[in-house]
Number of protein chains: 2
Amino acid sequence: MSVQNKRSEYGCPVAFGLDVFGDKWSMIVIRDLMFRGFTTFKEFLGAGDGIATNILSNRLKHLEIQGIVKKKRDPENARSYIYSLTEKGRDLVPVMIEIVSWSGKYDDRPNARRGLVEKIRNNRENVEKKVRAGAIDF
Amino acid sequence: MSVQNKRSEYGCPVAFGLDVFGDKWSMIVIRDLMFRGFTTFKEFLGAGDGIATNILSNRLKHLEIQGIVKKKRDPENARSYIYSLTEKGRDLVPVMIEIVSWSGKYDDRPNARRGLVEKIRNNRENVEKKVRAGAIDF
DNA sequence: AAAATTAAATTGCATTTTGCAAGTTAAAAT
DNA sequence: ATTTTAACTTGCAAAATGCAATTTAATTTT
């Protein structure tokens, strides 16, 4: 599967993490599950990032194999599935928060989400708690 | 340049960060600068990760353009260059630490660097301080 | 001072991954 | 029975990567 690269022999924890979630589309999917409350294939597609269906499918499968994402049928709509983060996936909240925090310092684009970013930076523990509780409102 | 993808219209801070440093080889280079004290092209090449010269060249250039890495001539060897992290690059320490921390929880490979990872997790502030002081001993 | 070595790339080319459009499968609504 | 919807899969062109060979510029060595 494409995301997976040759593993380093040396057990480096950075390389380990990168093999699991360290590519752009995987991170975008995790972000959408974590902060946007997305649950369906369709939602990911429609998020405006321009991910292709085959790549999305590939990444969801990869993340599922890696234990970051779980997939179940939607009990209310049998032609739909519900994707969600596992505990292992939610444990990536601190990584995401630090990325957001870094961007908050350096993102000078006119459309940067300054207010949101400041809230997250100044309230890391609460953000994490909210994500873990499934109470997403970012 | 290859690392750079279509930017999202929506100013998402996660996407912003990913465009700057969010690909495998960029992260590996940052790791080597941050935790291993690498400074030369040759050192990156010899690190055993199997990065190709063209890709390394591309990523160093990209990171330099992004202001993460700076490059100067080696005063003691005019055919060599010295690469180092900028302040902007060192500000990625928390991101790296959280990745390491996450991996520490989930990396079950026999060669995982458990001791090192635990030290880093339990001592985040000090790790950051050390990196900023250039006193790398990981 | 010519030849060899070293460091940091660049180039050419085969392989792999991505992006895009179209097609498929299975369930549900009309 | 036909159409619509959700989640894919497939085929193919374009882009990125990996690999080996070559280049450039500085430095030693002969």
Side-chain angles (χ1 to χ4, degrees), chain A residues 1-9 15 18-29 32-33 37-66 69-84, chain B residues 1-9 15 18-29 32-33 37-66 69-84:
Chain A
M1 191 176 291
S2 45
V3 190
Q4 205 66 288
N5 275 23
K6 177 170 49 179
R7 315 192 144 275
S8 161
E9 331 290 278
L18 294 179
D19 282 338
V20 175
F21 58 80
D23 87 283
K24 185 195 167 178
W25 291 124
S26 294
M27 290 291 272
I28 292 289
V29 166
D32 287 344
L33 286 162
F38 288 8
T39 59
T40 63
F41 197 92
K42 203 185 171 187
E43 282 177 304
F44 293 114
L45 270 186
D49 295 291
I51 189 169
T53 57
N54 54 342
I55 304 297
L56 175 57
S57 177
N58 174 285
R59 294 309 192 276
L60 285 168
K61 210 170 291 173
H62 169 76
L63 291 171
E64 205 187 344
I65 289 168
Q66 295 297 328
V69 160
K70 58 180 186 287
K71 178 186 182 181
K72 59 173 198 208
R73 301 212 78 106
D74 182 343
E76 314 207 323
N77 178 358
R79 64 189 156 185
S80 191
Y81 290 92
I82 293 180
Y83 289 97
S84 59
Chain B
M1 190 177 293
S2 43
V3 190
Q4 206 64 291
N5 275 23
K6 177 171 50 180
R7 317 193 143 276
S8 163
E9 332 290 276
L18 295 179
D19 282 338
V20 176
F21 59 80
D23 86 283
K24 186 197 167 175
W25 290 125
S26 296
M27 291 291 273
I28 292 290
V29 165
D32 287 345
L33 287 162
F38 288 7
T39 59
T40 63
F41 197 91
K42 204 184 171 188
E43 283 178 304
F44 293 116
L45 271 186
D49 295 292
I51 189 168
T53 57
N54 55 341
I55 304 297
L56 175 56
S57 178
N58 174 285
R59 293 308 192 278
L60 285 168
K61 208 170 292 170
H62 170 75
L63 291 170
E64 205 187 344
I65 290 169
Q66 295 297 328
V69 160
K70 57 180 186 289
K71 177 187 182 180
K72 59 172 200 211
R73 299 212 79 105
D74 183 343
E76 315 208 322
N77 179 356
R79 65 188 156 187
S80 191
Y81 291 93
I82 293 178
Y83 290 97
S84 59

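The sequence lines fix the lettering, A, B, ..., with proteins before strands; numbering per chain opens at 1. Just so it is clear, the structure is predicted and the values come from calculations on it, not from any experiment.
Considering all non-hydrogen atoms of both residues, B/Val3 and B/Ser26 come closest at CG1-OG, 4.4 Å. Contact between A/Leu45 and A/Ala52 at its shortest, heavy atoms only, is CD2-C, 4.3 Å. B/Val20 and B/His62 make their closest contact through O-NE2, 3.0 Å (heavy atoms, listed as atom of the first residue, atom of the second, distance). Here the closest heavy-atom approach between residue B/Phe41 and residue B/Thr53 is recorded as CZ-O, 3.7 Å. Shortest non-hydrogen contact noted between B/Phe44 and B/Ile51 is O-CG2, 4.0 Å.
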Using a cut-off of under 3.5 Å, enumerate the N/O to N/O pairs linking the protein to nucleotides 14-16 of chain C.
none

Polar atom pairs (N or O), protein with nucleotides 11-13 of chain C, under 3.5 Å:
none

Please enumerate all protein N or O atoms sitting under 3.5 Å from an N or O of nucleotides 28-30 of chain D, with distances to 0.1 Å.
none

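Partners of A/Glu64 under the side-chain contact (heavy atoms from CB on, under 4.5 Å) rule, at least two apart in sequence or in another chain, are A/Lys71. The side-chain contact (heavy atoms from CB on, under 4.5 Å) test applied to B/Ala78 returns no partner, not counting sequence neighbours.
Atom NZ of B/Lys72 is separated from atom P of C/dA7 by 18 Å (rounded to the nearest Å). Spacing between atom CG of B/Leu60 and atom P of C/dA8 amounts to 10 Å, rounded to whole angstrom units. If you take OH of B/Tyr81 and P of D/dT27, they are 11 Å apart, rounded to a whole angstrom. Atom pair A/Asn58:CG and C/dG19:P shows a separation of 11 Å (rounding to whole Å applied). Rounded to whole Å, the distance from CG on A/Leu56 to P on D/dA7 is 10 Å. One interatomic measurement links the two molecules: CZ of A/Arg73 to P of D/dA6, which rounds to 14 Å at whole-angstrom precision. Counting to the nearest Å, the C1' atom of C/dT18 and the CD1 atom of A/Ile51 are 11 Å from each other.
Between A/Lys24 and C/dG19, a side-chain N or O to OP1/OP2 separation shorter than 4.0 Å is absent. Put simply, A/Lys71 has a side-chain N or O that comes within less than 4.0 Å of OP1 or OP2 on D/dC8. Contact check, A/Trp25 against C/dG19: a side-chain N or O comes under 4.0 Å of OP1 or OP2. Side-chain nitrogen and oxygen atoms of A/Lys61 include at least one within less than 4.0 Å of the OP1 or OP2 phosphate oxygen of D/dT9. Residue A/Ser57 places none of its side-chain N or O atoms closer than 4.0 Å to OP1 or OP2 of D/dC8. Between A/Arg59 and C/dT18 there is a side-chain polar atom (N or O) within less than 4.0 angstrom of OP1 or OP2.
For A/Tyr83, counting side-chain heavy atoms from C-beta on, the closest listed nucleotide (D/dG18, D/dC8, D/dA6) is D/dC8. Relative to the side chain of B/Ile55, the nucleotides D/dT27, C/dT18, D/dT17 differ in distance, and D/dT17 lies closest. When each of C/dG19, D/dC19, D/dT9 is scored by its nearest atom to the side-chain atoms of B/Ala52, the top-ranked nucleotide is D/dC19.
How far NZ of B/Lys42 is from OG of B/Ser80: 9.0 Å, rounded to the nearest 0.5 Å.
A/Val29 is not listed as a side-chain neighbour of A/Tyr83, based on a closest heavy-atom distance of 4.5 Å or more. Contact of the A/Tyr81 side chain with the A/Arg73 side chain is registered, since non-hydrogen atoms from C-beta on lie closer than 4.5 Å. Inter-residue side-chain proximity for A/Asp32 and A/Glu43 is flagged as unmet; no heavy-atom pair is nearer than 4.5 Å. Between B/Pro75 and B/Ile82 there is a side-chain heavy-atom pair separated by less than 4.5 Å. Looking only at side-chain heavy atoms (C-beta outward), A/Asp23 and A/Arg59 come within less than 4.5 Å of each other. Looking at A/Trp25 and A/Asp49, their side chains come closer than 4.5 Å, going by heavy atoms from C-beta outward. Looking at A/Ile28 and B/Leu18, their side chains come closer than 4.5 Å, going by heavy atoms from C-beta outward.
A residue-by-residue look at A/Ala78 and B/Ile82 shows that B/Ile82 has its nearest nucleotide of DNA chain C further toward the 5' end.
Against DNA chain D, the stretch residues 38-47 of chain B makes no heavy-atom approach under 4.0 Å.
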